[in-house]
Amino acid sequence: MTRKFHVIGNWKLHHFMEDSRKLARAVLDGSRQYLDSMVVGVSPVHTTLWAVHGELSDRPENFWLVGQNAYHENEGAFTGAVSYRHLKDAGCDGAIVGHSERRRIFRESDDEIMAQLESAIRAQLHVIYCIGETGEEREAGKTLDVIERQLGEALRHVPPSGRQAIKFIVAYEPVWAIGTGVNATPEQAQEVHAAIREIIAGRWTSEEADRVPILYGGSLKPSNAREIFSMPDVDGGLVGGASLKADTFLDLVRIASEVAGK
Ligand code: 13P
């Protein structure tokens, strides 16, 4: 297996400074034993990034500080914005791009998200690019069309040089499974993950497709992770709610490490 497992905690808009530092420290200490063979990451609120970066100053290469999202411009008259360059400057190793909460709640367009993707790559951040269908789209049988559209577009925006220089990671997050307690079944996840790998192989090469980690996200928890992580094209998880407490998140990291040799 050429791909490493990745388990990344997306804290969304949770935790203030002190709790963020404590949680990041606990996650680093608790996952250190697994970091030879997998990548673990935490993604705190922007204002806490620099402090968390300081707290994690002894982190090895496979432990990532991840920025949640940013605006595509690097600098200028954009009140309230944060750029990918600023995320890098605050110590981030990677960034999430295209999360459905950005698409839906903040009404970010496909064009804006593509500009963000390019900007994150130029800032030399590992990119965790999120895609996924809504419940309505799934019911209408459009899941794979949505995946093809969201992913195909993104693959065109990753320059060939970027494929080596950065890590491009896909997170399949069905919108209907995010924060709902209803996860995709392992079979549903595998079907989409396999389709994602095929799309990458078609646009890039099959060797490159083989190397791209594809993470599942949506109501992941210790009780459902083993089955989902065991699927051949699932290479870890992007975790929301279950990443907010060290014990639960470290359970997921441990399960991933046990399944990684599948
Ligand atoms: P939950 O794990 O809370 O469903 O959130 C998933 C998610 O959106 C991670 O980015």
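Both ligands and their constituent atoms are indexed starting at 1 by order of listing.
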Colleague: Are Arg3 and Asp210 packed together at the side-chain level, in the sense that at least one heavy-atom pair is separated by less than 4.5 angstrom?
Modeller: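 Yes. Closest side-chain heavy atoms under 4.5 Å.
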Colleague: Any heavy-atom pair between the side chains of Leu23 and His15 that's under 4.5 Å?
Modeller: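 SC-SC contact between His15 and Leu23 confirmed.
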Colleague: Taking only heavy atoms of Ala177, which atoms of ligand 1 are found under 4.0 Å from at least one of them?
Modeller: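 Taking each heavy atom of Ala177 in turn, ligand 1 has 4 (O) under 4.0 Å.
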Colleague: Can you find a non-hydrogen atom of Ala171 under 4.0 Å from ligand 1?
Modeller: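 Ala171: no contact with ligand 1 (<4.0 Å).
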Colleague: Among the heavy atoms of Gly218, does any lie under 4.0 Å from an atom of ligand 1?
Modeller: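 Judged by the 4.0 Å heavy-atom criterion, Gly218 does count as contacting ligand 1.
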Colleague: Just to be sure I'm reading this right: ignoring hydrogens, which of His99, Gln68, Lys221 gets closest to atom 8 (O) of ligand 1? Compare them by their nearest heavy atoms.
Modeller: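 It is His99 whose heavy atom sits nearest to atom 8 (O) of ligand 1.
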Colleague: Could you verify whether a donor N or O on one side chain and an acceptor N or O on the other, from Ser119 and Gln116, lie under 3.5 Å apart?
Modeller: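 Note: Ser119 and Gln116 side chains miss the donor-acceptor criterion.
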Colleague: Atoms of ligand 1 less than 4.0 Å from Asn10 heavy atoms?
Modeller: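 Result: 9 (C), 10 (O).
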Colleague: Give me the nearest non-hydrogen protein atom to atom 7 (C) of ligand 1 as residue plus atom name, then the distance to 0.1 Å.
Modeller: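 I find the closest protein heavy atom is Glu173 OE2, 3.2 Å.
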Colleague: Take Lys88 and Gln124 through the test side chain to side chain contact (heavy atoms under 4.5 Å, CB included) and record every step on the way to the result.
Modeller: CA-CA 8 Å; Lys88 182 78 177 177; Gln124 303 199 326; 4.3 Å; yes
Colleague: So does Glu18 have more than 12 non-hydrogen atoms from other groups sitting under 6.0 Å from CD?
Modeller: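 Yes.
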Colleague: Within ligand 1, which atoms have a heavy atom of Ser219 less than 4.0 Å away?
Modeller: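 Reading through ligand 1 atom by atom, the close ones are 1 (P), 2 (O), 4 (O).
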Colleague: Show the atoms of ligand 1 that are less than 4.0 angstrom away from any heavy atom in Lys12.
Modeller: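 That gives atoms 5 (O), 6 (C), 7 (C), 8 (O) of ligand 1.
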Colleague: Gly241 heavy atoms, cut-off 4.0 Å: which ligand 1 atoms fall inside?
Modeller: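 Here the atoms of ligand 1 in question are 1 (P), 2 (O), 3 (O).
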Colleague: Just checking Trp204 against Phe168, ring centres under 6.0 Å apart?
Modeller: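 Yes, the ring of Trp204 comes within the 6.0 Å limit of the ring of Phe168, centre to centre.
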Colleague: Check Arg122, Glu108, Glu118, Glu112 against His72 for a side chain to side chain donor-acceptor pair (under 3.5 Å) and give me the one that passes.
Modeller: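 It is Glu112; the other options fail the test.
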Colleague: Does the Lys NZ or Arg CZ of Arg59 fall within the cation-pi geometry relative to Phe63 - under 6.0 Å from the ring centre and within 45° of the axis?
Modeller: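 No - Arg59 does not lie over the ring of Phe63 by the 6.0 Å and 45° rule.
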Colleague: Is Glu101 in polar range of ligand 1, meaning some N or O pair under 3.5 Å apart?
Modeller: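 No - when backbone and side-chain N and O of Glu101 are compared with those of ligand 1, no distance drops under 3.5 Å.
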Colleague: Is Ser83 reaching over with its side chain to a backbone N or O of Glu75, donor-acceptor style, under 3.5 angstrom?
Modeller: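 Side chain of Ser83 to backbone of Glu75, a donor-acceptor pair under 3.5 Å: no, none is there.
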Colleague: For Gly179, counting its heavy atoms only, list the atoms of ligand 1 lying under 4.0 Å from any of them.
Modeller: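 Atoms satisfying the 4.0 Å criterion: 1 (P), 3 (O), 4 (O).
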Colleague: Below 4.0 angstrom from a heavy atom of Gly240, which ligand 1 atoms are there? Numbered from 1 as shown, please.
Modeller: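 Atoms satisfying the 4.0 Å criterion: 1 (P), 2 (O), 3 (O), 5 (O), 6 (C), 9 (C).
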Colleague: Using a 4.0 Å cutoff against the non-hydrogen atoms of Leu238, which atoms of ligand 1 qualify?
Modeller: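 So the atoms of ligand 1 that pass are 9 (C), 10 (O).
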